[in-house]
Amino acid sequence: MRTFPDNRSRSEQPAVISVPAGEVTSATRLPATRLPAALLPWGWAAVLFALYATVAVRRHVLLRTTGYDLGIFEQAVRAYAELRAPVVPLRGDGFNLLGDHFHPLLAALAPLYRLWPSPLCLLVAQSALLALAVVPLARWAARALGRRPAHAVAVAYGLSWGIASAAAFDFHEVALAVPLLACCLEALAHQRWRAAVAWAAPMLLVKEDLGLTVAAVGAYIAFKGARLLGPATAAAGLFGSLVEVKVLMPAFHPAGGYAHGGNLAEGYGSLLSTLAHAPLDALRPDIKAMTLVLVFAPSALLALRSPLSLIAVPTLAWRMMSDNGFHWGTAFHYSAVLMPVVFAGLIDALTMWRRTAHPLAARHLRASLATVLAVTVVMLPSFPLAQLLQRATWRTTEHVEAARALLARIPDGATVAASNRLIPQLTSRCTVVLFPTFPVEGKLYEYDRKRLPPPTAEWIIHDRRAPDAWPYRTGHWPYPVEQQEAELAAAQKRYGYRKVAARDGITLLRR
């Protein structure tokens, strides 16, 4: 039951209307405000969608998107749209992407891609998915805290670094999980256990590790009293991830086994020793501890007061225990799925103050939300949404124009080996691989990294200039520019390619 205190003494307060948490009856809602209140979350979703889509599209126009990963996902969705298995040439000859990560729910984007066959289709779809997650969060905040706090929650979620980093770095399957998890968390807050499980279950088809998040949802439900549904959901989540990692993904992978098993940290000789070292391993090196703090910083650390924040533990655990340094930091898309959990925890933590009759409750609520917004503003310049305020974001350089002119000379349907940043400009109309070939050691290719296989594509297009990748590291990938240029020279001297055109550091070859 919740009550809404004001600043008068208890003896002066009028009779209090008690309303079950999360419900608004006709007696407590004025007809004149019903429509605006219903539109508040959707209005924020529209604003955030426009924000994310603008950043994503401008990055693509400026050649800042990459083959690894936008090109890879476009090849997969393009295959689904053409009613084929998600075989991705960028990952290897005949490589089924379900052997890399288990994300069959990507096929849901195939009808949209069929209508709009472009990398922009995926970028815009991701922007919409990330923005939609604000709807259940803002709706819950409006009911539990009030309309003004709901605006603050929407702003803080929308500008949070975890969402911004995902929106501005290519496309990734986890975008499908963000609104699902947000809806699940809203249902958990109102103890609608079956609805929560229904929203969580599809995450098993988004990525193999999200079964652990489903299990965490089940554990929360069991903790709150649903003794049958909770354990069953937890068991289903764990079993689902286990089957995906041990059975399904090895069946799709050309070499068998779990493609990312090499990212798992080695043990210490025994299970007990490994468990004993786990707390320290989760905090070393220092970047891990910094990330753990920054994950909850958008809530001014208030989310840690809610048991809902425990649903973030599985994702944080596998990232901190991984041997892959990319998983430890704040860049890329890895924290997107954590942001709904953080803001659900914030709303849940603040709800107890909204329900209490303490005379300082309203002041505490306002101060907490002001702190949340202050943290959001302070962190904003360090993450990708700040690009909207940079002059370079709105200026098309001569280099970009040169690249587009040379890319236009490649005919539709051609086979192309392209530099990483040029790949997404071609994947909707050509069969594209990376130049120089990127070996995945012991999995896709069995050769020495110092002796790359000869290119076989009809066309090669190579950009020797390091792209502007702020806020991520600027540089050449996957090899130093000297090695890339040596492979380009070898293509002309030994493999029968001739130069068709060259302009502003971009070279176009044809065999």
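The first residue in the sequence is number 1, and the count goes up from there. Just the heavy atoms: all of them, side chains too, but no hydrogens, waters or symmetry mates, feed the values below.
- In summary, the side chains of Trp477 and Asn420 do not present any donor paired with an acceptor at a separation below 3.5 Å, with no hydrogens or angles considered.
- Heavy-atom neighbours of Arg84 CZ from other residues, nucleotides or ligands within 6.0 Å: above the threshold of 12.
- Note that CG of Leu145 and CZ of Arg147 are 14.0 Å apart. Values are rounded to the nearest 0.5 Å.
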Which pairs of donor and acceptor atoms, one on a side chain in residues 332-348, lie under 3.5 Å apart (sequence neighbours left out)?
unit_1, atom_1, unit_2, atom_2, d
His333, ND1, His172, NE2, 3.4
Ser335, OG, Arg319, NH1, 2.9
Asp348, OD2, Ser306, OG, 2.6

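- Heavy atoms of other residues, nucleotides or ligands lying less than 6.0 angstrom from CH2 of Trp199 number 12 at most.
- With contacts defined as side-chain heavy-atom distances shorter than 4.5 Å, the pair Val372/Pro298 does not qualify.
- Considering all non-hydrogen atoms of both residues, Leu98 and His103 come closest at CD2-N, 3.7 Å.
- Using a 4.5 Å heavy-atom threshold, the side chains of Asp170 and Phe73 count as separate.
- When all heavy atoms of Tyr258 and Val245 are compared, the closest pair comes out as CG-CG1, 3.8 Å.
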Exercise for review: Mind running side chain to side chain contact (heavy atoms under 4.5 Å, CB included) on Phe171 and Asp69 for me, showing each step along the way?
Suggested key: CA-CA 7 Å; Phe171 171 89; Asp69 297 320; over 6 Å; no

Practice item. Dump the intermediate steps for side chain to side chain contact (heavy atoms under 4.5 Å, CB included) on Met290 and Thr330, then the final yes or no. Key: CA-CA 9 Å; Met290 184 181 299; Thr330 57; over 6 Å; no

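- Side chain of Ser241 to backbone of Glu208: a donor-acceptor contact under 3.5 angstrom is found.
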Check your understanding: Which is it for Leu105 and Met203 under the side chain to side chain contact (heavy atoms under 4.5 Å, CB included) test, yes or no, and what are the steps along the way?
Key -> CA-CA 9 Å; Leu105 199 59; Met203 292 195 296; over 6 Å; no

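- In this structure, OG1 in Thr233 is found 9.0 Å from CG in Leu228, a value given to the nearest 0.5 Å.
- Between the CG atom in Leu308 and the CG atom in Leu185 there is a gap of 6.0 Å [rounded to 0.5 Å].
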Practice item. Applying side chain to side chain contact (heavy atoms under 4.5 Å, CB included), run through Leu132 and Phe49 and close with a yes or a no. Key: CA-CA 8 Å; Leu132 278 173; Phe49 166 70; over 6 Å; no

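- The shortest non-hydrogen separation linking Val377 to Pro381 is O-CD, 3.3 Å.
- Residues Leu123 and Arg59 form no side-chain contact, since every pair of their non-hydrogen atoms from C-beta on lies 4.5 Å or further apart.
- The nearest pair of heavy atoms linking Leu48 to Ala154 is CD1-O, 4.2 Å.
- In this structure a side-chain-to-backbone donor-acceptor pair under 3.5 Å is missing from His101 to Leu97.
- Side chain of Gln126 to main chain of Tyr52: no donor-acceptor pair is present (N/O by atom type, distance under 3.5 Å, no hydrogens or angles).
- Summarising the geometry, atom CG belonging to Leu109 is positioned 7.0 Å from atom SG belonging to Cys121; distances are rounded to the nearest 0.5 Å.
- Put simply, the side chain of Trp328 gets close to the backbone of Ser322: a donor and an acceptor are under 3.5 Å apart.
- Looking only at side-chain heavy atoms (C-beta outward), Thr291 and Ile287 come within less than 4.5 Å of each other.
- Judged by distance alone, the side chain of Arg78 and the main-chain N or O of Thr427 form a donor-acceptor pair under 3.5 Å.
- The closest donor-acceptor contact from the side chain of Gln75 to the backbone of Val432 lies under 3.5 Å.
- Atom-to-atom distance recorded for Leu63:CG and Leu422:CG is 6.5 Å, nearest 0.5 angstrom.
- Between Thr213 and Ile311, some side-chain heavy-atom pair lies under the 4.5 Å cut-off.
- Contact annotation: the side chain of Thr65 approaches that of Gln425 to within less than 4.5 Å [non-hydrogen atoms, C-beta and beyond].
- Judged by distance alone, the side chain of Ser299 and the main-chain N or O of Phe296 form a donor-acceptor pair under 3.5 Å.
- Smallest separation of non-hydrogen atoms from Val375 and Ala297: CG1-O, 3.3 Å.
- Side-chain contact check for Cys184 versus Leu188: some heavy-atom pair is nearer than 4.5 Å.
- Atoms CG and NZ, from Leu176 and Lys207 in turn, are 12.0 Å apart once rounded to the nearest 0.5 Å.
- Shown here for Phe438 and Leu434, the closest heavy-atom pair between the two residues is CB-CD2, 3.4 Å.
- Between the side chain of Trp193 and the backbone N or O of Lys224 there is no donor-acceptor pair closer than 3.5 Å.
- In this structure the side chain of Gln387 never reaches within 4.5 angstrom of the side chain of Arg58, judged on heavy atoms.
- Trp394 contributes a side-chain N or O that, together with a main-chain N or O of Leu388, makes up a donor-acceptor pair within less than 3.5 Å.
- For the pair Arg114 (side chain) and Ala81 (backbone), a donor-acceptor distance under 3.5 Å is present.
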